[in-house]
Every structure is written in structure tokens, then in C-alpha cells.
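All remarks here apply to the structure that follows.
Just so you know, these numbers come straight off a predicted model, no measurement behind them. Chain A is the first sequence line, chain B the second, and so forth, proteins listed ahead of strands; every chain is numbered from 1.
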2 protein chains.
Amino acid sequence: MQNNKTITQVEVPEVVVQRLPIYVRILSQLLESHIEIISSHQLGELLQITPAQIRKDLSYFGRFGKQGRGYNIQFLLDELRQILGIDRAWKACLIGLGRLGRAIINYPGFSPEGFEIVAAFDNNVAQYNSNLGTITVQSMDEIAHTVKEKNISIGIVAVPSNQAQSVIDTLVESGITGILNYAPIAPFAPKHIVMRNIDPVLSLQSMTFYMKENDEIN
Amino acid sequence: MQNNKTITQVEVPEVVVQRLPIYVRILSQLLESHIEIISSHQLGELLQITPAQIRKDLSYFGRFGKQGRGYNIQFLLDELRQILGIDRAWKACLIGLGRLGRAIINYPGFSPEGFEIVAAFDNNVAQYNSNLGTITVQSMDEIAHTVKEKNISIGIVAVPSNQAQSVIDTLVESGITGILNYAPIAPFAPKHIVMRNIDPVLSLQSMTFYMKENDEIN
DNA sequence: GGTTGTGAATACATTCACAGCA
DNA sequence: TGCTGTGAATGTATTCACAACC
């Protein structure tokens, strides 16, 4: 009786969920190289992760391997894609079309993975209707309306930091459930919103902690 | 005798180091708002982190607060900056001047935090010596030479994924100790290299795991 | 022989709770 | 009284190690 969780099995740790996309990526590459089977040991070698961790991670979701042989890559990939919900397309909108926003909207890596930017917003009229392929830039007033109309579920925030929190609030009200935030702030959102932050400065600042000793030689 | 670690005190957990830059950022903002003192409870409120965690994190490095009052923001900031090694300038170079690379080199957020991009490399001759302020674009052959000459310690990788690992190898050989990798690969580097990856697709793919249930209503 | 899947053991991280101080 | 700093307790994540199986 120590377990007060509901019958919904063991909760999957968040770190595990964050590793699954890494597995998906390497498995896709292997498949392209016409490799069909791989062991947890080989995978671990490629990813610098212990084989035990890979097996344990996968075991939260099912039994995908064969003893003595390893994992069938195509099968495991299909399963992982379904688990992650990336076996289908997701509609996203982009807010902010400064240099960063334009780099994001032109980034060719999203759509092959099923993330489609179907709307873009900016309050700077000078940016409207510039050359962005099929997408028409709209005023930020229209976020709520367009998000609902087009049934968009992900918002990508690329506005200056002083506007970011209010954009996030708007997105939340509009019914979006996932936010990819590029603004260098500590964003606030209700618990049901899934937030991910992209913040190179924070990455650099935690990097130098480990670099400063080595450097004292110079 | 259970402790086989060296006398070098308790190892600081990596997660703690990654939170310190977040503290630095919010403390800087508070200081700009002319706030001088803050308690762990107030900080936790702003960052959605428990006060106990903040106090524990800080306690790895010293005793920065005053009982009954809280933390002096300016003092704590100075200490944290020194701990992280961001109380001085760091020289970085950028490799890859495609759309992403150009967005990075024009990003105004690095230099105020002391990260200065002092060299840029690309093998596409068409990109050389375009309008990039004081920086002259060099061929990638020159990475090793320039890194040593200018005493650069951080490499920012923004080349296509098929070139990324070889660029990383070159940077490592050149004596760089920190790498910020924007290429969507699982990079390999020796253990003494500090690597950080910026990978929005992985972020999105771990996001949808938590979004897919909610969405079944639609 | 080789490899998975998984309980048990260990290691790590967070939170509690309170003594000690301003 | 209010808040820090920190051991102890709890909660999470990783690794071990081996039975089960191909």
C-alpha cells in the first residue's frame, strides 16, 4: 500500500522521454545505411550511453527486442515514432519575424519530421507579406483567431524578450498546448502546457564552468 | 571509508551548474529593477523552483545569504558570475555561414554576456567576406591556425549535419575546449571537451509525447 | 554464444524540517 | 520573527547482474 499512484502503470521519467528522439534519429540514420538489426551495446557505442540504460528506457514502453539478436531497426523506429506521437503531422505557428524568426521559418529540418509552420505573426508591418513561400504574415492580433481556425497546436516564440511573456499568454489562451520558446527569459505557463526553451546563452554559461579551470594554464 | 573521491570536496551536480545561469539572468533583471535583496522564496516564485532547491544549489559554493533577510542581489550575482567563469570574456569562432550561421553571428545576445565571435569559417567561397562587420570569413582549412593564433576556446558549429562531425574533430585537434553544436547529430568528442547541443527538433519531438493524449479529443 | 528485459542495488537529486543566526 | 544553510529523509535515475530465451 505504499503506492498512491493510480493504476496507470509506472510513470515514465521525463529524461527517458527526452532520450527517445535521440534513438529515433540514430535509428533513422542506420536504416538509411541499410542496417537492419542492432544491439543495445552497439547503439550505446554510437550514442555514448550505457546499453543497460537503452534497454531500460525501451522497457518502459514494451518489449521490442529479440534475445540473442537485438532490435529490428525498422520495427523499433515505428514503435518509437508512435510512442512519441511523431508518426503524424503537427501544425505550428511562428511568432516573431526578426532575424531569428526568419531563420526558423526557413529552417529545412522541421517539415521532414512532420512539424509544419502554417502561420506566422509579427507586429512590424514592414515584415508583412515578405517572401515566405505559401505563408502570409499576419498581425499578432490575429493569433487567437488563426490558431483556432487552423487548429494549430504548437507555438514557436521568436520575439524580443520583453514581448515574450505576453505572446506566451496569448498562445495559451488561444488553446495551444506546446510552446517552443527561443526568447531568453524564464517563461511562465500553466502546468498543462508543454514548454521547451532554446537558449544558447544559458548553454554557453554552463559550459564555461567546466572550462575555466583548464584555462588557468593560459 | 565509503568515500573514494579525492579530497576535492563534494562534486557539484551538473544539473545544479545548469541552473546557475538561470539564477544569474533573473538576478540581473531584478537588479535592473533596482531591487537589492531577495529571499529564496521570492526567487523560487519567479522561477517556479522550490526555495529549498535554490538554497541547496547555492550552498554547494558558499554561504551567500543572511538569515532573516535573504540574499543581496549584487553580491550574489558577482559570486555566481565568478563561479561560472562568466566574469570575463570568452573568444568563440563560428563554423558555417548558411542561414543559421548568419543568424548566429548577427545575434545580439552573445556579446553582452561576454561571448565574442572573433572568427568565422565557411568553405563556400560565395559567402566569404560578406557584410559581417569586423569579421573576415576564412576557409575551413584555416580553423586550426586561427584558433591557436587568436587563442579561441569555444567553437560554434552551424554546418550541415554531414560535415558536423569532421568540423568537431578539427576543432578538438585545434585545442578548443568547448563546443556549441547546432547540427542535428549525436556528436562525438573526447571527455575533456564540454559539448552543448542546440536541437529544436529533438525538443519538439519530446514535446509531442505529452501532447498526443490531450489531442485525441480533436 | 549473444542479447534482451528487469528486479535489486546503487548512485544521484530534491525536499523536508529545523537549528542557528540577524 | 524571518530567513538561511544543511543533515536526514525521501524520491528519481542509472547501473548491475542474471534468468530467460534465440
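The backbone N or O of B:F110 lies less than 3.5 Å from no partner atom in the side chain of B:E113, so there is not a single donor-acceptor pair. The backbone N or O of B:I73 sits nowhere less than 3.5 Å from a side-chain atom of B:E36 that would complete a donor-acceptor pair.
If you measure from atom CG of B:L20 to atom P of C:dA13, you get 13 Å, rounded to the nearest angstrom. Rounded to an integer number of Å, the gap from CD of A:Q53 to P of C:dA11 is 16 Å. The distance from atom CD1 of B:I37 to atom P of D:dT4 is 11 Å, rounded to the nearest whole Å. Atom CG in B:L76 sits about 12 Å away from atom C1' in D:dT4, given to the nearest Å. Atom CZ in A:R19 sits roughly 12 Å away from atom C1' in D:dT15 (whole-Å rounding). At whole-Å resolution of the value, CD in A:E14 and C1' in C:dA13 are 15 Å apart.
Comparing the helix axis at one end of the helix from C:dG1-D:dC22 to C:dA22-D:dT1 with that at the other, each defined from 5 consecutive pairs, gives an inter-axis angle of 10° (nearest 10°).
At D:dT14, none of the side-chain N or O atoms of A:T50 fall inside 4.0 Å of OP1 or OP2 (strictly under the cut-off).
Checking B:Y23 against B:D57 by side-chain atom types alone, a donor-acceptor pair falls below 3.5 Å. Between the side chains of A:D78 and A:Q82, no donor N or O sits under 3.5 Å from an acceptor N or O. Checked by atom type, the side-chain pair B:R25/A:S161 shows no donor-acceptor distance below 3.5 Å.
In this structure, B:R196 pairs ionically with B:E14, as a charged nitrogen and a carboxylate oxygen lie closer than 4.0 Å. Taking the charged nitrogens against the carboxylate oxygens, B:D87 and A:K212 have no contact shorter than 4.0 Å, which rules out a salt bridge.
Atom NZ of A:K66 and atom CD1 of A:I37 lie 8.0 Å apart (nearest 0.5 Å).
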With 3.5 Å as the limit, what N/O pairs link the protein to nucleotides 2-6 of chain C?
from	atom 1	to	atom 2	distance (Å)
C:dG2	N2	A:G68	N	3.1
C:dT3	O4'	A:G68	N	3.1
C:dT3	O2	A:G68	N	3.2
C:dT4	OP1	A:S40	N	2.6
C:dT4	OP2	A:S40	OG	2.6
C:dG5	OP1	A:F64	N	2.9
C:dG5	OP1	A:G65	N	2.8
C:dG5	OP2	A:Y71	OH	2.8
C:dG5	N7	A:R55	NE	2.7
C:dG5	O6	A:R55	NH2	2.9
C:dT6	OP1	A:R63	NH1	3.2

